[in-house]
Amino acid sequence: MRKKTYLKLIEYQTEQSRKHLGEVAGIYREMRGYKHDFHHHLQTLRGQLEAGQTQRALAYLEELDRQLMHVDPLLKTGNIVLDAILSAKIAQAREAGICVTVKANVPDNLLLTDLELSIIVGNLLDNAIEACMDAQGERFLRIFMGMKQKMLYFSMLNASGRKLPKKAGLFSSHKNGFHGFGLRRAEAILAEHGGWCKYNSEDGAFTSEFLVPALR
């Protein structure tokens, strides 16, 4: 890899890592905010009921229920970092009108560091969301993540536009002119841990898949 390309890759990695970890922090700040608000809601309801204002308390509960219908719950996978990454990305995808389904069950004590997990999953989901935005018709994102004995397995199918061409072994991307650097960085981390990843592009759909040793 030429020095200039390598430096761009490092720059991209740093930017994406900061972005993904910022999203993780953001989703947990949001969850803490809901907990804080919940305490005030209970105080309000208690005061209304103690004052005998039953109908007013019921109306308050109905309004609260309507608001909670629009709150995206924190995904529960078993891995706290993955919970935050997936929750942030899924919320982003749904805001863009993408139908998301997720099935994930992952232990918390992985060999991958939190930063490595953030880079891999964050980059793959960023690429999937970008591809969905180019899709005609239904926009969808289907994610599966789980363990195969001591190996972490990930597969994702997402809507996309026309079949993507490859250039120098990379699928093209519209983001910042880096053309698949995110995928290259994900591949590099997986390779460092003795894992592999595969991608396939067809008209209307793109698939991503990886398998990596994750437990001792």
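Computed from a predicted model, the values in this text were never measured in an experiment.
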Q: Salt-bridge test for R162 and D134: reply yes if a basic N is under 4.0 Å from a carboxylate O, no otherwise.
A: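 Salt bridge flag = no for D134 with R162.
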For the pair [X] (side chain) and [Y] (backbone), establish whether a donor and an acceptor sit closer than 3.5 Å, ignoring hydrogens and angles.
{"X": "N123", "Y": "R185", "value": "no"}
{"X": "E116", "Y": "T113", "value": "yes"}
{"X": "N79", "Y": "P107", "value": "yes"}

Distance check, rounded to the nearest 0.5 Å: [X] atom [atom1] versus [Y] atom [atom2]?
{"X": "L45", "Y": "R56", "atom1": "CG", "atom2": "CZ", "result": "11.0 Å"}
{"X": "S155", "Y": "K103", "atom1": "OG", "atom2": "NZ", "result": "10.5 Å"}
{"X": "I85", "Y": "I80", "atom1": "CD1", "atom2": "CD1", "result": "11.0 Å"}
{"X": "N127", "Y": "S208", "atom1": "CG", "atom2": "OG", "result": "7.5 Å"}
{"X": "L58", "Y": "Q48", "atom1": "CG", "atom2": "CD", "result": "9.5 Å"}
{"X": "L141", "Y": "L157", "atom1": "CG", "atom2": "CG", "result": "8.5 Å"}

Shared hydrophobic cluster, [X] / [Y] (ILVMFWY, side-chain heavy atoms < 4.5 Å):
{"X": "L115", "Y": "L112", "result": "yes"}
{"X": "Y199", "Y": "W196", "result": "no"}
{"X": "L82", "Y": "M151", "result": "no"}
{"X": "I120", "Y": "L111", "result": "no"}
{"X": "I129", "Y": "V102", "result": "yes"}

**Q.** Student check: side-chain heavy atoms of F140 and T101 closer than 4.5 Å
**A.**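 A side-chain contact is absent here, since even the closest heavy-atom pair is not under 4.5 Å.
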Q. Is any side-chain heavy atom of L86 closer than 4.5 Å to a side-chain heavy atom of L125?
A.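 Of all side-chain heavy-atom pairs linking L125 with L86, at least one is under 4.5 Å.
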Q. side-chain contact (heavy atoms from CB on, under 4.5 Å) between F206 and N200: does it pass, once the steps are laid out?
A. CA-CA 6 Å; F206 189 92; N200 185 55; over 6 Å; no
Q) What heavy-atom pair brings M133 and A96 nearest, and what distance separates the two atoms? A)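 Looking at all heavy atoms of both residues, the shortest contact is SD-CB, 3.7 Å.
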Q. Which pair of non-hydrogen atoms, one from A159 and one from A135, has the smallest distance, and what is that distance?
A.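 What the structure gives for the nearest pair is CB-CB, 3.8 Å.
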Q. Residues in side-chain hydrogen bond (donor to acceptor under 3.5 Å, both in side chains) with T77, at least two apart?
A.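 Checked T77 against side-chain hydrogen bond (donor to acceptor under 3.5 Å, both in side chains); matches are D83.
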Under 3.5 Å, which donor-acceptor pairs link side chains of residues 142-149 to any protein atom two or more places apart or in another chain?
none

Q: List the steps, then state whether side-chain contact (heavy atoms from CB on, under 4.5 Å) holds for Y153 with V212.
A: CA-CA 7 Å; Y153 177 71; V212 63; over 6 Å; no
Q.
Suppose the criterion is salt bridge (Lys or Arg N to Asp or Glu O under 4.0 Å): which pairs have a residue in residues 196-212, not counting sequence neighbours?
A.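 Qualifying pairs: K198-E209.
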Q: Evaluate the side-chain contact (heavy atoms from CB on, under 4.5 Å) criterion for residues K89 and D126: first the C-alpha distance (whole Å), next the side-chain angles of each, then the deciding distance (0.1 Å), finally the verdict.
A: CA-CA 8 Å; K89 295 299 181 183; D126 280 346; 2.6 Å; yes
(Q) If you count every heavy atom of other residues, nucleotides or ligands that lies below 6.0 Å from E192 atom CD, does the total exceed 12? (A)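 Enclosed.
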